[in-house]
Amino acid sequence: MSFADKVVWITGASSGIGEALALEFSRYGARVVLSARREEALEAVRQKLVWPENHLVVPLDVTEPEQFKPALDKVLAHYSKVDVLVNNSGISQRSLVRDTSLAVDRRVMDVNYFGPVALTKTVMPHFAQRSAGQVVVISSLVGELPTPYRSAYCASKHALHGWFEALRAEEYERGLRVTMVLPGFVHTNVSVNAVTADGSAHGQMDRYQEKGMPADECAARIVRAVQQEKEQVIIAGREGLGIYLKRLFPSLYRKIIRRIKVT
Ligand code: NDP
């Protein structure tokens, strides 16, 4: 497997799965563009990569689309191309629908859905010009499995599937590839950073997150799927069986999910 001289742009590269992806891609020779809001954290990640001087930090907030074109210009000025865009930035949620403010619903959609949509639209003309490009979307099992206590998060991930599946169908003949990734529980700070009903941070490492797959293992499997240009990949432990349960026995899935403790 080689990504020699491929330019891979990763959002949410300052921690968790994004950081692990940056490291894994750098092992296979990629030039990595690291984006997220916290520039210092991105710099610290860059220093851990193989050949740190080969990689570029481009801070951006995915809820501020006016930052995207200048960011793309910076990447193109440095490398003259983008081969792979990994839409990984995201925030989760821990709160009941009845308690959650609409502002929180909107915020989660802004980060998890409109961010990837707007950034992808920004890079698309470049991909079209080259008749090539790959967009990787870090969705979640909850992109197919509605789960209590994370209604806005589920909705945002479901929305990604609709939009990016349509994009794939539209642009396939013009060389664009879309890889949807559905991780299960991965040991990162995603639950710590999750928003609650009033928008404050959950601040806790949840039980299932704690026992989740190591981020480096998840990243290694994502990179393999990207290399194989897979259209969709599930990266999970036993919780991944929920996908098949819901497809084959939807009523049973709904009964189980009503009772299950999901944090
Ligand atoms: P982390 O909380 O560790 O990482 C989230 C990343 O998103 C950080 O790098 C953060 O960087 C970035 N981010 C958050 N808000 C913004 C923003 N407004 N603009 C730019 N970047 C932003 O969690 P994970 O690594 O686990 O999450 C990565 C992705 O994986 C998410 O999309 C998540 O939904 C998905 N996922 C995670 C699972 C898990 O169990 N861990 C399971 C399924 C999916 P910064 O704060 O510097 O901006």
Side-chain angles (χ1 to χ4, degrees), residues 1-13 16-36 49-50 54-56 58 60 62 65 68-69 71-90 112-140 143 157 159-183 215 218-235:
M1 188 159 74
S2 172
F3 283 86
D5 297 322
K6 298 274 187 206
V7 177
V8 179
W9 188 355
I10 304 171
T11 67
I17 296 172
E19 173 177 359
L21 279 173
L23 188 56
E24 190 69 4
F25 275 115
S26 78
R27 287 200 182 106
Y28 290 104
R31 319 261 160 165
V32 182
V33 181
L34 303 134
S35 288
L49 305 189
V50 179
N54 280 355
H55 313 291
L56 183 68
V58 178
L60 63 78
V62 295
F68 297 175
K69 182 66 172 58
L72 175 64
D73 290 344
K74 192 169 168 188
V75 176
L76 295 181
H78 200 83
Y79 295 120
S80 24
K81 63 168 186 167
V82 178
D83 294 290
V84 182
L85 170 65
V86 184
N87 285 300
N88 167 73
S89 284
N112 294 357
Y113 174 69
F114 286 109
V117 164
L119 186 57
T120 302
K121 283 189 170 199
T122 305
V123 183
M124 268 178 66
H126 172 70
F127 286 153
Q129 208 175 28
R130 303 180 67 219
S131 303
Q134 188 172 4
V135 182
V136 181
V137 185
I138 309 301
S139 173
S140 164
K157 297 295 188 181
L160 287 174
H161 286 255
W163 197 87
F164 280 97
E165 292 282 341
L167 175 72
R168 181 195 292 122
E170 286 181 15
E171 295 295 325
Y172 193 87
E173 294 300 328
R174 278 182 282 274
L176 187 72
R177 298 292 173 262
V178 175
T179 299
M180 298 295 300
V181 181
L182 287 71
C218 177
R221 290 170 64 176
I222 294 172
V223 171
R224 258 200 314 276
V226 173
Q227 203 264 336
Q228 293 167 1
E229 296 187 346
K230 289 229 167 124
E231 296 190 335
Q232 179 155 311
V233 60
I234 296 166
I235 298 179

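Scope of the values below: all heavy atoms of this structure, side chains included, with no hydrogens, waters or symmetry mates. Predicted, not measured: the structure shown is a model, and the values here were computed from it.
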Once side chain to side chain contact (heavy atoms under 4.5 Å, CB included) is applied, do any residues pair with R174, and if so which ones, sequence neighbours excluded? E171

Among residues at least two apart in sequence or on other chains, which ones pass side chain to side chain donor-acceptor pair (under 3.5 Å) with H161? S139

For E229, which residues count as a side chain to side chain contact (heavy atoms under 4.5 Å, CB included) partner, sequence neighbours excluded? Q134, R177

Could you give the side-chain donor-acceptor pairs of residues 21-36 under 3.5 Å, partners two or more places apart or in another chain?
{"unit_1": "E24", "atom_1": "OE1", "unit_2": "R27", "atom_2": "NH1", "d": "2.7"}
{"unit_1": "S26", "atom_1": "OG", "unit_2": "L23", "atom_2": "O", "d": "2.8"}
{"unit_1": "S26", "atom_1": "OG", "unit_2": "V50", "atom_2": "N", "d": "3.1"}
{"unit_1": "R31", "atom_1": "NH2", "unit_2": "D5", "atom_2": "OD1", "d": "3.0"}
{"unit_1": "S35", "atom_1": "OG", "unit_2": "W9", "atom_2": "NE1", "d": "2.8"}
{"unit_1": "S35", "atom_1": "OG", "unit_2": "V58", "atom_2": "O", "d": "2.6"}

For K69, the salt bridge (charged side-chain N to carboxylate O under 4.0 Å, His left out) test, sequence neighbours excluded, returns D73

Is it the case that the side chain of T11 and the backbone of S89 share a donor-acceptor pair, with hydrogens and angles ignored and the cut-off at 3.5 Å? yes

Given side chains that start at C-beta, do those of V8 and V226 come closer than 4.5 Å, heavy atoms only? no

Return the set of residues passing side chain to side chain contact (heavy atoms under 4.5 Å, CB included) with V233 (not counting sequence neighbours), or none when no residue passes. V181, A225, I235

Taking only residues two or more places apart in sequence or in another chain, which ones pass side chain to side chain donor-acceptor pair (under 3.5 Å) with K81? D83

Looking only at heavy atoms, the pair that brings V223 and F3 closest together is CG1-CE1, 3.6 Å

Taking all heavy atoms of I138 and all of P183, pick out the closest pair and write down the distance. CG2-CG, 4.0 Å

Under the rule for side chain to side chain donor-acceptor pair (under 3.5 Å), what residues qualify as partners of E165, not counting sequence neighbours? R168

Could you go step by step and tell me if I222 and I17 meet the side-chain contact (heavy atoms from CB on, under 4.5 Å) rule? CA-CA 10 Å; I222 294 172; I17 296 172; 4.0 Å; yes

For S140, what residues pass the side chain to side chain donor-acceptor pair (under 3.5 Å) criterion, not counting sequence neighbours? none

H78 side chain to L56 main-chain N or O, any donor-acceptor pair under 3.5 Å? no

Under 3.5 Å, which donor-acceptor pairs do the side chains of residues 115-124 form with other protein atoms, sequence neighbours left out?
{"unit_1": "T120", "atom_1": "OG1", "unit_2": "N87", "atom_2": "ND2", "d": "3.1"}
{"unit_1": "T120", "atom_1": "OG1", "unit_2": "P116", "atom_2": "O", "d": "2.6"}
{"unit_1": "T122", "atom_1": "OG1", "unit_2": "A118", "atom_2": "O", "d": "2.8"}

Smallest heavy-atom separation, N112 atom then K157 atom, equals ND2-CE, 4.3 Å

V82 vs F127 side-chain heavy atoms within contact, under 4.5 Å: yes

How long is the straight-line distance from OH of Y79 back to NZ of K6, given to the nearest 0.5 Å? 15.0 Å

Output for pair (Q227 CD, K230 NZ), nearest 0.5 Å, gives 10.5 Å

Given side chains that start at C-beta, do those of Q232 and F164 come closer than 4.5 Å, heavy atoms only? no

Look only at the side chain of N88 and the backbone of G12, and say whether a donor-acceptor pair between them is shorter than 3.5 Å. yes

